[in-house]
2 protein chains.
Amino acid sequence: MTMTYPRLNRDGAEPLWMQLMRALRTKIDSGELGPDQPLPSEAELSDMFSVSRTVVREALRELVQQRLIYKVKGRGAFVSPRKTELRFIGSMSGSADDLRESGRRVTTHTIRQTLGEADEREAALLQIPLGEQVVRIRRLRRVDGQPWLLVDTALPARLVPGLERAVLENQSLYDVLRRRYGLEPAAADRWIEAVFPDREDAAVLEVSTSTPLLGIESVAWLDDNTRFEAYYALHRSDQTRFYVGIR
Amino acid sequence: MTMTYPRLNRDGAEPLWMQLMRALRTKIDSGELGPDQPLPSEAELSDMFSVSRTVVREALRELVQQRLIYKVKGRGAFVSPRKTELRFIGSMSGSADDLRESGRRVTTHTIRQTLGEADEREAALLQIPLGEQVVRIRRLRRVDGQPWLLVDTALPARLVPGLERAVLENQSLYDVLRRRYGLEPAAADRWIEAVFPDREDAAVLEVSTSTPLLGIESVAWLDDNTRFEAYYALHRSDQTRFYVGIR
DNA sequence: TCCGCAGACCTGTAATGACAGGCTAGCGAG
DNA sequence: CTCGCTAGCCTGTCATTACAGGTCTGCGGA
């Protein structure tokens, strides 16, 4: 199978492994590399791109971490785009749409928008230096008037200049990011835990501090792997259950 | 600061980087390495353990990936105060494997296997008539010895004849279904909620009845749309958080 | 034709060396 | 005492080499 691959840029502006990773991801996204299609071996890739196996492995590791390919034990060994994918249908914007579709009234109220310096958690999630400027947004989403989801979002200010002053009332944050800043989410990780709210959060959500809630931490990134949004959401699971579809 | 570190086992039974990773993780879990405490530099670790920087970097990479430490540009990798967080990949068979890969010991104990008649919930989820025979399996999964996940599975007996007598100890149920019955999961739906366990479940999971847990309901089906498995799992989210990747 | 085994292929692991560029501490000048 | 600069430390990146052990393919014998 002969495939055309872009030549890698060696001016040091971007790591070789990242360029290679992007090149492979493009093939996967475009469908040129379909499900169960094995990638060339590490040695072959190393030859094709004239880079060391170190670089190849770095690129493949990243793709595995992004769950775009998976490893097959042994021969021919690597990968193919994942067929069984996690689809998170209950994503924040998706679920609101779903609820609207089923005749619920969904409103989003912005409680606070501030500019600040990234704390340790934000820095780690967004992969930015500690103290870099971030825009923080705290929003409450209601379904049929009932508090449903309390979200604390942080975004690197560098990527969204002026967002701390934008009017977000009842708007989808993702729409704003797309229209105003051209930011298109490519993927995300989420972690879910069961927690109790602190006094303040409990008051906002109108529950007691001994009501178990879902805590959802999320990081979303762009095509080029830049982390652009991190949030922690508290979800009243007595109102609705969190839905995850796996396809 | 002088710290005692275990000597690494070089018989090749376990990769050096994994031993090193575990050694560092132990320090972090025990609190010996606290928040904002910088780790030794790569070169220092390399000296201390008499391994190459390759090994050190492999171990650190894994710790970063597990989000137990985060990197600060420049000097030393810092330990984060974040609570221990394992990744539960929500994919069908991946979860236990992923944990094992990140160096945890995963065991599965079968508490009960019975044959019975589908109740209302099971019938609805599996789309079978009320009263049809189902195999019920109750299993407890532990990570590093700690109770982690309590799963009650129900499968239509028609699809898995004899499963109620199969030995499942420490086996992946999905492997058994695949090898023994040729059942290949195609997709699944999951719903997640935050709940308190009842007395019995709390005892099995070794928590109090006022510990908030994740309740996960799931239905999986085959290519031809046949529902073949329904389960309800209780997940100790103080141990790990539920991981969902969105691609 | 079928089966078994040897050798080729491939990945995982590990050591080593090298260099660029960022960050910091400490020194020296003002 | 303060400010600025430099040397050294540290990480990120990349190349090369080596070897063990698992997997697969194809050849040759039955």
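Below, chain A is the first sequence line, B the second, and so on; all start at residue 1. As a basis for the values below, the full set of heavy atoms in this structure was taken, side chains included, without hydrogen atoms, waters or symmetry mates. Just so it is clear, the model here is predicted, and its values are computed rather than measured.
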Notebook entry, point to check: Less than 3.5 Å between a donor and an acceptor, one on the side chain of A:Arg53 and one on the base of C:dT13, is that the case here?
Noted result: yes
Item checked: Sidechain N-carboxylate O distance under 4.0 Å for B:Arg112, B:Glu164 -> no
Note to self: Of the listed nucleotides (C:dT13, C:dT11, D:dG12), which one gets closest to any side-chain atom of B:Pro15?
What the structure shows: C:dT13
Check: Could a donor-acceptor pair under 3.5 angstrom be found where the side chain of B:Thr54 meets the base of C:dA15?
Finding: yes
Notebook entry, point to check: Out of D:dA15, C:dT16, C:dT11, which has the shortest distance to the side chain of B:Ser52?
Noted result: C:dT16
Check: Salt bridge check: are A:Arg136 and A:Glu122 linked by an N-O gap of less than 4.0 Å?
Finding: yes
Checklist line | Test: B:Arg22 and B:Glu62 ion pair at under 4.0 Å | finding: no
Item checked: Candidate pair A:Val56 and A:Trp17, rule side chain to side chain contact (heavy atoms under 4.5 Å, CB included), full reasoning -> CA-CA 6 Å; A:Val56 172; A:Trp17 67 262; over 6 Å; no
Check: For the pair made of CG in A:Leu45 and P in D:dA15, what is the distance, rounded to whole Å?
Finding: 13 Å
Next item on the list: Check every atom of D:dA15, C:dT11, D:dC10 against the side chain of B:Glu44 and return the nucleotide holding the closest atom.
Entry: D:dC10
Next item on the list: Starting from the 5' end of DNA chain D, give me the residue, B:Glu42 or A:Val51, whose nearest nucleotide shows up first.
Entry: B:Glu42
Note to self: I need the CD-P distance between B:Glu14 and C:dT13, as an integer number of Å.
What the structure shows: 10 Å
